[in-house]
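To start, the structure itself, in structure tokens.
Chain A is the first sequence line, chain B the second, and so forth, proteins listed ahead of strands; every chain is numbered from 1.
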Amino acid sequence: MPDHILVAVAWPYANGPRHLGHVAGFGVPSDVFARYHRLRGNRVLMVSGTDEHGAPITYGADSEGVSAQEFADRNNEIIVKELQALGLAYDIFTRTTTCNHERVVQDLFRRLYEAGFIEPQTVLGAFSPSTGRTLPDRYVEGTCPICGFPEARGDQCDNCGNQLDATDLINPRSRLNGEVPEFKQAEHFYFELPAFAAELERWVRRQKHWRPNVRNFTLRLLEDLKPRPITRDLDWGVPIPLPGWQERPDKRIYVWFDAVMGYLSASIEWAHNRGTPEAWQEWWRNPNSRGYYFMGKDNITFHTVMWPAILLGVGELNLPYDVVATEFLTLEGKQFSTSRGHVIEVSDFLSRYDPDPLRYYLISAGPETSDSDFTWAEFLRRNNDELVGTWGNLVHRTLVNAQRNFGGVPEPGELSERDQRVLDQVEAGFDSVAELLEAAHFKAALAEALRLAALVNQYLGEEQPWHAIKTDRRRAATTLFVAVHCVDSLKTLLTPFLPFTCQHLHELLGYGDVLAPQPQLSEQLEQCGRSHLVLGGGAGYEEQDRWQPSRIESGRRLPVPEPLFKKLEPTIVAAELARLAGGD
RNA sequence: GGCGGCGUAGCUCAGUGGUAGAGCGCACGACUCAUAAUCGUGUGGUCGGUGGUUCGAUCCCACCCGCCGCCA
């Protein structure tokens, strides 16, 4: 009986291209996990999309002189193509500006409101007189009333550290355009988080399988929950679905509140698009389904507190089973910074290098349990020593020897103890790698697969089929038969990590089917008349368990092999560092 | 300022209440089928500092130093 696995991937904000830190956090680990479960034959639903509402989108649009929708469209397309190029095989990657999303968000809002979990409150907020838009506290600056620091922000003074209200500032002005903001009373809706505190705490305490940092951080958050605003004075976002509010052009649902609901709305859209409108319930209402949420650590609170509280408030929807938060990736020792040019964008990287080496790096040296650093020197080393040297070389020497001497998979003689041992060792990987992957220990899982590749290199070195071929052809045939089996098995173990090159290898091994599907872009037309880009469809799920040791038959003809990976020149390190410095 | 994280071999990182591991580097050796790719052996750390709890701490607690992040 296959499992239902929801892979809920954090929604990238549509304010520009994604960099390596972003995809190290939410992207690659979630895809490895989803691909593993699909190979296993489990029913995976992997959902995400671009998060397109909120004030920063309107500011970005203003600075480029386009509408918020145009700005979001542009960035959605950029991001979708980056994720596709990385081989992230979503079942659906959609957006928050679809009619479907708006409908789902409004429905959830109404249900929470009717259940009494949403309350109105009146607050004093800053507005920009020239644009009529609300100005978040942190965009107001002025003189600190406590220490006199002239550039204090509306939420806190950077000089003396005191918490402030924007209304406290002397000579307040907008950090966006310098004008004097206007302060007005405004009515907003608040989500009653404290109503869920006790139930959330009981739930979190039971989640012993969570990463400790996620669990501890969440338990601390739960000690002090306050009602949280879920509407804003803004003209860009989902309208508030209440009489007298729905039509107002200046009030919208706060972006965080609508964004987390995307997991559900995307699942519903996926079900609708494939003509089975109720199918999403298999992942959301089936008690045996497990939901795994992937994100960077800055997003933990939304996934362990806010979203679970919403789910509890609405009822009859599964809470997350695991919340897999990744730490931060730095770049050459410093934080990524788009504005300072200290950044490597995904598309820029992929214009010069292949996706699998990047995926390999982001898993093997990524910020899984603590912050980690991307350096070009380490990327070069990982590519050349590990991908090319250990794994790529094992594949190539095995295939070259088998193909050149036997034209394909050789007919073996009797297996020796040594032959059987290496086969057993590799076969054991199907359990050990699976166990690590299911526990979201990606780094260890990949290291385990590579360790097995090294064992096969060792085996070849001992058996030396290139010598035996001259004296004992049958012995050489047996060794290469064993080696081909090992390579074929390791191919399966590595497919979640390296989908492009494992598909290539699959073909070099003479298979004609698709082992590692890649996501496709399509245009989706909604009933409301709008259309949008969707990434997905290339994945689906297998009905069979392909996570099995090789059964490749002897006698199969193999094509002339070609290398899976490119060895990189050491000179790229200096060149890339110079490129980075040029961006500063 | 508040909160949090980190500090383990030259480097990048795992890890555990019973005085530590991997990969790389380095040294030497084997091999030369393979993208000069592989394989073996060896080298290497008073686990940031000081106290405390404990029969015993790198792992728990307190403080300190250093680095980083969040609140911003």
Report, one pair per line, the protein and nucleotides 7-13 of chain B atoms (nitrogen or oxygen only) whose separation is under 3.5 Å.
from, atom 1, to, atom 2, distance (Å)
C13(B), OP1, D373(A), N, 3.4

Checklist line | Whichever of P563(A) and E368(A) has its nearest RNA chain B nucleotide further upstream toward 5' | finding: E368(A)
Notebook entry, point to check: When all nucleic acid strands are considered with a 4.0 Å heavy-atom cut-off, which category describes N457(A): base, sugar-phosphate, or nothing?
Noted result: sugar-phosphate
Notebook entry, point to check: NA contact type, A377(A), heavy-atom cut-off 4.0 Å: base, sugar-phosphate, or nothing?
Noted result: nothing
Check: Any side-chain N or O of H467(A) under 4.0 Å from OP1/OP2 of U32(B)?
Finding: yes
Next item on the list: Write down the distance between CG (D298(A)) and P (G4(B)), rounded to a whole number of angstrom.
Entry: 18 Å
Margin query: I'd like to know if the side chain of N383(A) reaches the main chain of K566(A), judged simply by a donor and an acceptor atom lying under 3.5 Å from each other, with no hydrogens or angles considered.
Written below: yes
Check: Is there a donor-acceptor contact under 3.5 Å from the side chain of D322(A) to the main chain of Y292(A)?
Finding: no
Next item on the list: Please give the nucleotide sitting opposite G42(B) as a Watson-Crick or G-U wobble pair, both distances under 3.5 Å, or none.
Entry: C26(B)
Check: Between Y254(A) and R232(A), is there a cation-pi geometry (under 6.0 Å to ring centre, at most 45° from the normal)?
Finding: yes
Note to self: Just to be sure I understand the rule, does E386(A) reach a base, reach only the sugar-phosphate, or reach nothing, if contact means heavy atoms closer than 4.0 Å?
What the structure shows: sugar-phosphate
Note to self: Considering every strand and a 4.0 Å limit on heavy-atom distances, what is the contact class for R404(A): base, sugar-phosphate, or nothing?
What the structure shows: sugar-phosphate
Check: Expressed in whole Å, how much space separates the P atoms belonging to G2(B) and G10(B)?
Finding: 35 Å
Margin query: Rounding to an integer number of Å, can you tell me how far L455(A) CG sits from G40(B) P?
Written below: 9 Å
Check: Mind checking the C1' distance from A72(B) to G51(B)? Whole angstroms is fine.
Finding: 36 Å
Checklist line | Euclidean distance, atom CG of residue L452(A) to atom C1' of A22(B) [Å, nearest integer] | finding: 15 Å
Checklist line | Listed once per pair and sorted, the salt bridge (Lys or Arg N to Asp or Glu O under 4.0 Å) pairs that draw on residues 388-413 of chain A, sequence neighbours left out | finding: none
Note to self: Let's see if you can work this out: which of U35(B), G40(B), A34(B) has an atom nearest to the side-chain heavy atoms of N393(A)?
What the structure shows: A34(B)
Notebook entry, point to check: When you measure from the side chain of D472(A) to the backbone N and O of R475(A), does any donor-acceptor pair fall under 3.5 Å?
Noted result: yes
Note to self: I want to confirm an ordering. Mapping E562(A) and Q464(A) to their closest nucleotides on RNA chain B, which one lands closer to the 5' end?
What the structure shows: Q464(A)
Margin query: Could you tell me the Watson-Crick or G-U partner of C70(B), where both distances fall under 3.5 Å? Say none if there is no partner.
Written below: G2(B)
Next item on the list: Answer yes or no: is there a donor N or O on one side and an acceptor on the other, between the side chain of S372(A) and the main chain of E368(A), under 3.5 Å?
Entry: no
Check: Which residue pairs satisfy the salt bridge (Lys or Arg N to Asp or Glu O under 4.0 Å) criterion with at least one member in residues 488-508 of chain A, sequence neighbours excluded?
Finding: D488(A)-K491(A)
Next item on the list: May I ask you to say what L387(A) touches in the nucleic acid, namely base, sugar-phosphate or nothing, with a heavy-atom cut-off under 4.0 Å?
Entry: nothing
Item checked: Touch class at under 4.0 angstrom, heavy-atom based, for F565(A) against every strand present -> base
